Amino acid sequence: MRIASWNINSIKMRLEHVRNWLRQHQPDVLLLQELKGLEFPAAEFRALGYQSAVLPQKAYNGVATLARHDIKIEYERLPGDPLDEQARYLETTINGLRVIGIYAPNGNPVESDKFSYKLSWLDRLQERLKLLREDEIPVVIGGDFNIIPESVDCYDPVVWKEDALFRLETRKKWRSILNLGYTDAFRIYNKQAQQYSFWDYQAGAWPQNRGIRIDHFLLSPDVTDRMVSCTIDTIPRGLEKASDHTPVIVEIK
DNA sequence: ATGGCTTTATGCTAAAGA
């Protein structure tokens, strides 16, 4: 089973990119983040053999799950705050696997309430993932975590030191989630530096490979044992009118 | 990056992203 995740920074602007990528890679599941609008081209994906579960929001955020198999929706919001209406969390069951797509808050600037929202959102995520571990549910959670886990995951740790994506508080939340028993799929085999999933549009970040690794897959222990590979496809970042993120793909047997 | 792109919107400038 091949599961991919891609922050596409507007589905409206990137529909052709996504369609071409689906045709080329034929994943069983594709998690999308930053739809950035209420409209979603479900019919176009249906024509390629994919069903859709969509959690849209006007202008910002928005996540969707595409799958060749039936999708059972479990949660359309991250539990723990009934007042949180941002479209960032979609928990489904697909082919016997709990598949969760997320778009975690950015959190900048750190002096603002956006950073406290990010930290409390990650607290709620940890609570949810803890429950799923206690129930021994096989979990694949993927998406834009907006977390740079380690220094090796960014081009210049000094530049990122005080950023919401790399602040110690943020990385502590990441560690706490891993300590529940989840594994960073990409780092099981690949320990290389300069392995990124995002490059800023500005200042020639892409041609200079000044990127950060913030799009991740976490696997519960049983699913970790079933993992075959986890790779980042950097090709789409070099296309015309590219998203600033590129797809991550995990293969599970 | 003290913001050099890109996108969305009770739109023609502001807000958000990371």
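Computed from a predicted model, the values in this text were never measured in an experiment. Every heavy atom of this structure was used, including side-chain atoms; hydrogens, water molecules and symmetry mates were not. Each chain gets a letter, A, B and so on, in the order its sequence line appears, and its residues count up from 1.
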Practice prompt. Let me have a per-nucleotide readout for nucleotides 8-18 of chain B, 5' to 3', with B, S or -, counting only protein heavy atoms under 4.0 Å.
Written response: SSS-----SSB
Rounded [atom1] spacing from [N] to [M] in Å:
{"N": "B/dA16", "M": "B/dT10", "atom1": "P", "answer": "14 Å"}
{"N": "B/dA1", "M": "B/dC12", "atom1": "C1'", "answer": "26 Å"}
{"N": "B/dT6", "M": "B/dG11", "atom1": "P", "answer": "24 Å"}
{"N": "B/dT2", "M": "B/dT13", "atom1": "P", "answer": "26 Å"}
{"N": "B/dA18", "M": "B/dT7", "atom1": "P", "answer": "14 Å"}

Worksheet item: Do A/E39 and A/K12 come within less than 4.5 Å of each other through their side chains, counting heavy atoms only?
Response: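 They are not in side-chain contact.
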Item to complete: Find out whether A/Q194 and A/Y155 are in side-chain contact, i.e. whether some heavy atom of one side chain is under 4.5 Å from a heavy atom of the other.
Response: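 No, every pair of side-chain atoms sits at 4.5 Å or beyond.
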Worksheet item: So, A/E16 and A/R19, do they make that salt bridge, N to O below 4.0 Å?
Response: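 So A/E16 pairs with A/R19 through a salt bridge.
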Fill in: Under 4.0 angstrom between A/R14 side-chain N/O and B/dT7 OP1 or OP2
yes
Worksheet entry | A/A42: side chain to side chain contact (heavy atoms under 4.5 Å, CB included) partners, not counting sequence neighbours | A/F40, A/S52
Practice prompt. Whole angstrom is fine here: how far is it from CD in A/E162 over to P in B/dT2?
Written response: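 About 12 Å, once rounded to whole Å.
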Worksheet entry | Separation of B/dG4 C1' from A/R210 CZ (nearest whole Å) | 12 Å
Item to complete: Using the test ring pair (Phe, Tyr, Trp, His ring centres under 6.0 Å), find all partners of A/W206 that sit at least two apart in sequence or belong to another chain.
Response: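 With neighbours one apart ignored, the set is A/W199.
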Worksheet item: Are A/H17 and A/W6 an aromatic pair by the rule of ring centers under 6.0 Å?
Response: no
